Every structure is written in C-alpha cells, then in structure tokens.
Amino acid sequence: MTDEIRLPDIGDFKDVPIVEVHVKPGQAVSADDILVTLESDKATMDIPAPAGGVIDAVLVKPGDRVSQGHVLATLSGAAASTTTPAP
C-alpha cells in the first residue's frame with residue numbers, strides 16, 4: 001500500500017520554499033526521520049516522516065514552494081497507513 005505524505009499544518013506560512021530534500025526514492029525511513037527542510041523569512045523548519053516505510057517517490061525539489069496539504073512524497077510499507085491524512 002502506498003500513501004501520500006502531505007505537508008502538515010506549519011502555522012500561517014504559505015508558499016514556503018524547500019531548501020533541502022533529505023530522502024530519495026527507495027530509501028527506508030523511520031517515523032520522525034527528516035524528509036525536507038523549509039525556510040521562511042522567520043524560521044527554518046524540518047519536516048519529519050509521519051511513519052516508517054520506504055520512499056516510493058519524492059514529489060518536490062529544492063526551490064519548490066509548498067503550503068499545508070502539498071504532497072511531498074509517497075511512502076509504502078507496513079507503517080504507511082499512519083501518514084497524515086489529506087486536509
């Protein structure tokens with residue numbers, strides 16, 4: 001089963017640029033492993049994996065701008081069913 005990993009609520013920030021992607025397709029991750037780093041004018045935010053599994057696809061790259069609910073990656077594996085639901 002494959003689930004989408006969506007950007008969780010990060011407060012009042014909209015269209016925040018991704019400055020670094022820490023995972024690649026085929027990579028195994030554990031819950032709370034850092035997936036991407038965002039940088040707003042006020043803070044740098046690391047976005048963790050909501051569950052463990054294997055990254056199937058990374059759907060963002062550095063320079064992309066994201067807001068709450070944006071799909072960052074897809075994840076498969078036994079723990080994938082606990083990923084953040086769509087808004």
Side-chain angles (χ1 to χ4, degrees):
M1 179 175 171
T2 299
D3 286 309
E4 295 176 334
I5 300 174
R6 295 179 177 269
L7 185 65
D9 182 1
I10 56 172
D12 291 331
F13 298 103
K14 303 273 189 251
D15 295 323
V16 180
I18 293 177
V19 293
E20 189 170 357
V21 176
H22 300 275
V23 295
K24 60 185 175 188
Q27 181 176 338
V29 295
S30 298
D32 298 326
D33 283 354
I34 302 303
L35 300 175
V36 298
T37 300
L38 310 176
E39 186 171 68
S40 73
D41 56 342
K42 297 181 181 184
T44 299
M45 297 170 269
D46 288 329
I47 306 301
V54 175
I55 299 294
D56 289 321
V58 178
L59 305 174
V60 294
K61 62 187 179 308
D64 286 352
R65 301 181 79 80
V66 295
S67 297
Q68 179 180 346
H70 191 103
V71 179
L72 303 174
T74 57
L75 179 75
S76 65
S81 62
T82 61
T83 58
T84 305

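For the single chain, residues carry numbers from 1 onward in sequence order. Because the structure is predicted, anything quoted here is derived from the model rather than measured.
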Shortest non-hydrogen pair, Pro50 vs Ala31, comes out as O-CB, 4.2 Å

Taking all atoms of both residues into account, what is the closest heavy-atom pair of Ser30 and Ala49, and its distance? O-CB, 3.7 Å

Main-chain N/O of Ser76 paired to Thr2 side chain as donor or acceptor, under 3.5 Å: no

Do Met45 and Val29 belong to the same hydrophobic cluster, where Ile, Leu, Val, Met, Phe, Trp and Tyr are linked whenever their side-chain heavy atoms lie under 4.5 Å apart, directly or via other members? yes

Please round to the nearest 0.5 Å and tell me the distance separating atom CG of Asp46 and atom CD1 of Ile34. 4.0 Å

Side-chain heavy atoms under 4.5 angstrom apart, residues restricted to Ile, Leu, Val, Met, Phe, Trp, Tyr: same cluster for Leu7 and Phe13? yes

Euclidean distance, Asp3 CG relative to Thr74 OG1, rounded to 0.5 Å: 9.0 Å

How long is the straight-line distance from CD1 of Ile55 back to NE2 of His22, given to the nearest 0.5 Å? 12.5 Å

Quick check: closest heavy atoms across Glu39 and Val19, and the distance to 0.1 Å? CB-CG1, 3.6 Å

Note, Ile10 side chain near Ile47 side chain (heavy atom, < 4.5 Å): yes

Between the CG atom in Asp64 and the CG atom in Leu38, the distance rounded to the nearest 0.5 Å is 11.0 Å

Side-chain heavy atoms nearer than 4.5 Å, only ILVMFWY residues, links allowed to pass through others: does that put Leu59 and Ile18 together? no

Give the C-alpha distance, both sets of side-chain angles, the deciding distance and a yes or no for side chain to side chain contact (heavy atoms under 4.5 Å, CB included) between Arg6 and Val71. CA-CA 4 Å; Arg6 295 179 177 269; Val71 179; 3.5 Å; yes

Nearest heavy atoms of Leu75 and Asp56, plus distance in Å: C-OD2, 3.7 Å

Within the supplied structure, the quantity of interest is the number of heavy atoms (other residues, nucleotides, ligands) at a distance under 6.0 Å from Asp12 CG; does it exceed 12? no

